[in-house]
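This structure is a prediction, so every number in the text was calculated from the model and none was measured. Proteins get letters first, then strands, A, B, ... in listed order; numbering begins at 1 in each.
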Amino acid sequence: MSNKPTLPKGTRDFGPQQMAKRTYILDTIRTVFQKFGFQPLETPSLENLSVLTGKYGDEGDQLLFKILDNGDFLAKTTHADYEQGVSALLPKIAGKGLRYDLTVPFARYVVMNQHEITFPFKRYQVQPVWRADRPQKGRYREFYQCDADVVGTDSLLCEAEIIRILEEVFGKFGIEKYTINVNHRQILNGLVEAIGAQGKESDLLVAIDKLDKIGKEKVITELQERGFADEAIQKLVPIFDLKGNNSENLSTAQEIVRDSETGQRGITELREVLALAKSLGSDLNHVQFDLTLARGLSYYTGTIFEVKAQEATISSSISGGGRYDNLTGVFGLSGVSGVGISFGVDRIYDVMEDMGLFPEESQIGTQVLLINFDKELQSQVVPVLSQLRERGIRAEMYPEAVKLKKQFSYADKKNIPHALVIGSNELASGEFSLKNLKTGEQHSLPLEAVIERLTSSN
RNA sequence: GUGAUUGUAGUUCAGUUGGUUAGAACGCCUGAUUGUGGUUCAGGAGGUCGCGGGUUCGAGUCCCGUCUUUCACCCCA
């Protein structure tokens, strides 16, 4: 048993059936991205640790997978390093790490290629990322992200287009019950000002972000535990009970942050985003202003998005994004504003599987299996195989002349809908036996008629 | 990172207070049917009980470690 292979924690294989479905998801998203003018980018799995560290906060740094240097990596270390612990030792033995998301590598790319890039720059990127997190349901250590970002423009049209992209993608997937929660970081900042809690932004955001998960009472308890005054909490209570439509809720929010210039600016921008989305053809039915939406990543500065599917056992977000003012600032290029969206492929997969939304045609397999009788006949049957393929039919021949029972059973298990029997009888008459494995019907047909049937059946 | 939890055939799971040769279902293979699958029937193969150590006359069962699974927290896609 000791030689039984296993997978590392939090990683998965994707078999043929899963790959068919994943490819369907990724292709759909790619097509929509391209339709909105985004172009593909790929970056290496490995980045220098200096690129990655410090971008995700202390917690994030701990979740980075670091790669041990090659060669005698101990040579550069001293006893003093060991005594100081991991943080001192690590930089000396590991210079590279696996990418943690696609946004930071993208920022690095923009900075390195700033003179070649034409701004505004729209790119999409579909690649795996790695996090040394504890795996859970819908959480893996290796998973795919599927990002589209526009950088080099402040235009709110980009935000509006993101709403359209989300609607189009989830529409194509047939996910009907989902919400695009939107909020604006400046509204949240206004909120902080309004309750006089400057300096405790993150405490506030973390707490209210949990509203839909733990409920109003517990959020209030948590705010108390985090040291917010009762008076301040009282001012927040109205936001826990927002029930109106978007424009009503925005008005309520505007009232709460009326003394904050920042907050007012956020309200105005968000209204404009929604108006633009509407003129781009959105019915806004899925869009919901959610004042408690905060999103973890601290680099967001403007509009933020998060999509959740209802009626699925996965309640966590399946897509998210927002505007950031200064993504490339950490790499020395300031003034590049951007807005992006990220699809959680693995979770979308789980949701679609849950709800049985994968279409039949996402499974493309062999259409016809040629039965193999014996070596002598094989030389006469193989040309037929080529002719079928030339006509665009996905065909394969069983490679060995084993019992027909076994060959038919192979077709059955591989879900191949047709079997083409070409034995000595068929070769003599020139008519081949085409069997439909779903209905059990079998017909003797000349090659052209076989091709016609196979072509029309797909 | 904190606290729990799981691991027995290819898969899903039984397995009594520690006691002969560790079971079932499904799947797989063979045959009934040497030119026809999916149904049926008969038979068969398949396990170092996650791994390592310990307690014991004796361990799938108890103890320790380790890896893995799932879950809550933290955080997040």
Does the ring centre of Tyr124(A) sit less than 6.0 Å away from the ring centre of Phe38(A)?
no

C26(B) pairs with which nucleotide, Watson-Crick or G-U wobble, both distances below 3.5 Å?
G10(B)

Would you classify Gly321(A) as touching base, sugar-phosphate or nothing, given that sugar-phosphate means primed atoms plus P, OP1 and OP2, and contacts are heavy atoms under 4.0 Å?
nothing

Pair partner, G3(B) [Watson-Crick or wobble, under 3.5 Å]:
C71(B)

Rounding to an integer number of Å, can you tell me how far Asp133(A) CG sits from U70(B) P?
13 Å

Under-4.0 Å side-chain N/O to phosphate OP1/OP2 contact, Lys9(A) with U68(B):
yes

Arg139(A) side-chain proximity, nearest of U36(B), G35(B), C74(B)
C74(B)

Without placing hydrogens or testing angles, list every side-chain donor-acceptor pair under 3.5 Å for residues 7-14 of chain A, not counting sequence neighbours.
from     : atom 1 : to        : atom 2 : distance (Å)
Thr11(A) : OG1    : Pro8(A)   : O      : 2.8
Arg12(A) : NH1    : Asp346(A) : OD1    : 2.9
Arg12(A) : NH2    : Glu142(A) : O      : 3.1
Arg12(A) : NH2    : Asp346(A) : OD1    : 2.8

How many whole angstroms separate atom CZ of Phe305(A) from atom C1' of A77(B)?
17 Å

G38(B) base stacked by Phe408(A)? Criteria: ring centres under 5.5 Å, plane angle under 30°.
no

Please list, pair by pair, any protein nitrogen or oxygen found under 3.5 Å from a nitrogen or oxygen in nucleotides 25-30 of chain B.
from   : atom 1 : to        : atom 2 : distance (Å)
C28(B) : OP1    : Lys413(A) : NZ     : 3.3

Output for pair (Arg99(A) CZ, Arg108(A) CZ), nearest 0.5 Å, gives 9.5 Å

